[in-house]
Amino acid sequence: MLKDILKPALATRRLTEIDSGALSKLHRSLKETPYRANRVLALASAMFGWALRNDAARARWGIPENPAKGIDRYHEEKRSTWLNQEQLAALENALVAYHDPHTADAIRLLILTGSREAEVLSAEWSQFDLKRGFWTKPSHHTKQKCEEHVPLSDAAVMVLKRIQARQNGSPYLFPGRTGRNGKIKAPRVTLQRPWRQVCKAAGLAVPIPYRGKRQELVRWKPTVRIHDLRHSFASHLVSKGESLHIVGRLLGHTQPQTTARYAHLA
């Protein structure tokens with residue numbers, strides 16, 4: 001968003017010349033894609049907000065206020081997409097065939113726990129009690145910024161033990177790339193590329209033709225998002241008779257109305 005949208009539109013202006021009018025015009029130019037328009041505006045707001053909170057930056061650039069504040073966002077419909085049993089079976093077949101079993105197990109954990117992608121990828125072994133079947137999510141890893149104690153199903157514990165068996169002492173379940181000294185400094189940060197490949201194999205992606213330098217090429221766009229696995233986890237529990245209160249606690253919701261979107265499934 002910074003490279004393709006904000007910079008081309010605003011890079012020639014001084015920071016003090018970027019006012020709410022300029023950002024509002026940019027926001028309106030993206031009205032055909034309201035979700036993206038709102039995300040671009042949120043990114044600009046976050047950048048200016050950082051500069052205003054940072055004394056050195058504020059003194060250097062002389063930004064008087066956050067120009068993104070007060071601009072009305074486009075309405076966003078809450079997505080409630082989830083995978084049915086046939087789609088989940090196709091996804092599992094694709095995961096079995098995927099060349100990297102470690103990455104495949106990361107996606108399985110998303111399905112079996114209903115956790116967010118960042119929570120699974122940043123998880124450390126010290127957070128798990130596999131004997132009792134519990135996962136303690138620290139507050140700095142959760143969206144609600146509060147510690148969560150999540151019970152794990154037998155299937156989730158089985159996947160975790162399989163991951164642990166192939167590990168070589170890393171504190172992270174899914175380590176990132178190693179540094180120059182051979183040590184792993186951080187966990188993996190995304191599953192977007194393997195998710196696209198797995199969705200293509202499972203029949204959950206559509207081809208998007210585009211013109212390359214020399215020939216017509218095709219990109220594959222998933223018809224479901226990684227976050228939809230979280231909706232799938234919740235919807236299947238509710239459909240099987242689990243209470244909205246329990247489902248909300250498993251998902252880490254602090255407000256009952258957040259879980260209420262699944263009420264019609266009961």
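Hydrogens, waters and symmetry mates play no part in the numbers below; they use all other heavy atoms, side chains included. Fair warning: this is a prediction, and the values are worked out from it, not measured in the lab.
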Does atom [atom1] ([X]) have a neighbourhood of more than 12 heavy atoms from anything else shown, all under 6.0 Å?
| X | atom1 | answer |
| --- | --- | --- |
| Asp154 | CG | no |
| Arg60 | CZ | no |
| Arg39 | CZ | yes |
| Arg36 | CZ | no |
| Arg73 | CZ | yes |
| Arg14 | CZ | no |

Between [X] and [Y], is any side-chain donor less than 3.5 angstrom from a side-chain acceptor?
| X | Y | result |
| --- | --- | --- |
| Asn38 | His27 | yes |
| Arg166 | His102 | yes |
| Arg230 | Thr113 | no |
| Gln127 | Trp135 | yes |

[X] versus [Y], closest heavy-atom pair with distance:
| X | Y | answer |
| --- | --- | --- |
| Ala9 | Leu26 | CB-CD1, 3.9 Å |
| Thr259 | Leu244 | CG2-O, 3.5 Å |
| Glu76 | Tyr35 | OE1-CD2, 3.5 Å |
| Ser153 | Leu112 | OG-O, 4.3 Å |
| Ser122 | Tyr172 | O-CD2, 4.4 Å |
| Pro67 | Glu65 | CD-O, 3.2 Å |

Is Arg219 positioned over the aromatic face of Tyr210, cation under 6.0 angstrom from the ring centre and no more than 45 degrees off axis?
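Checked: cation-pi criterion met.
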Are any side-chain N or O atoms of [X] and backbone N or O atoms of [Y], one a donor and one an acceptor, separated by less than 3.5 Å?
| X | Y | answer |
| --- | --- | --- |
| Asp4 | Met1 | no |
| Asp228 | His231 | no |
| His253 | Ala260 | no |

Take Lys137 and Glu147, measure what salt bridge (Lys or Arg N to Asp or Glu O under 4.0 Å) needs, and give me the verdict at the end.
CA-CA 6 Å; Lys137 298 180 182 179; Glu147 188 175 82; over 6 Å; no
Kindly indicate whether the side chain of [X], heavy atoms from C-beta on, has any atom under 4.5 Å from the side chain of [Y].
| X | Y | result |
| --- | --- | --- |
| Ile111 | Phe233 | no |
| Trp195 | Val224 | yes |
| Val206 | Trp220 | no |
| Leu191 | Glu117 | yes |

Glu92 and Arg108: side chain to side chain contact (heavy atoms under 4.5 Å, CB included), yes or no, with the steps?
CA-CA 8 Å; Glu92 172 58 21; Arg108 287 191 182 97; 3.0 Å; yes
Among the clusters formed by ILVMFWY side chains lying less than 4.5 Å apart, do [X] and [Y] turn up in the same one?
| X | Y | result |
| --- | --- | --- |
| Trp61 | Phe48 | yes |
| Ile246 | Tyr262 | yes |
| Leu2 | Leu41 | yes |
| Trp50 | Leu10 | yes |

Run the side chain to side chain contact (heavy atoms under 4.5 Å, CB included) check on Gln85 and His236 step by step: do they pass?
CA-CA 9 Å; Gln85 292 286 6; His236 282 274; 3.8 Å; yes
Could you give me the CA-CA distance, side-chain angles and deciding distance for Leu83 and Leu204, then say whether side chain to side chain contact (heavy atoms under 4.5 Å, CB included) is met?
CA-CA 10 Å; Leu83 283 70; Leu204 298 173; 4.0 Å; yes
Go through it in stages, so that I can follow the logic: the residues are Lys161 and Asp105, the test is salt bridge (Lys or Arg N to Asp or Glu O under 4.0 Å), and I'd like the CA-CA distance, side-chain angles, deciding distance and then a yes or no.
CA-CA 11 Å; Lys161 288 182 176 178; Asp105 278 340; over 6 Å; no
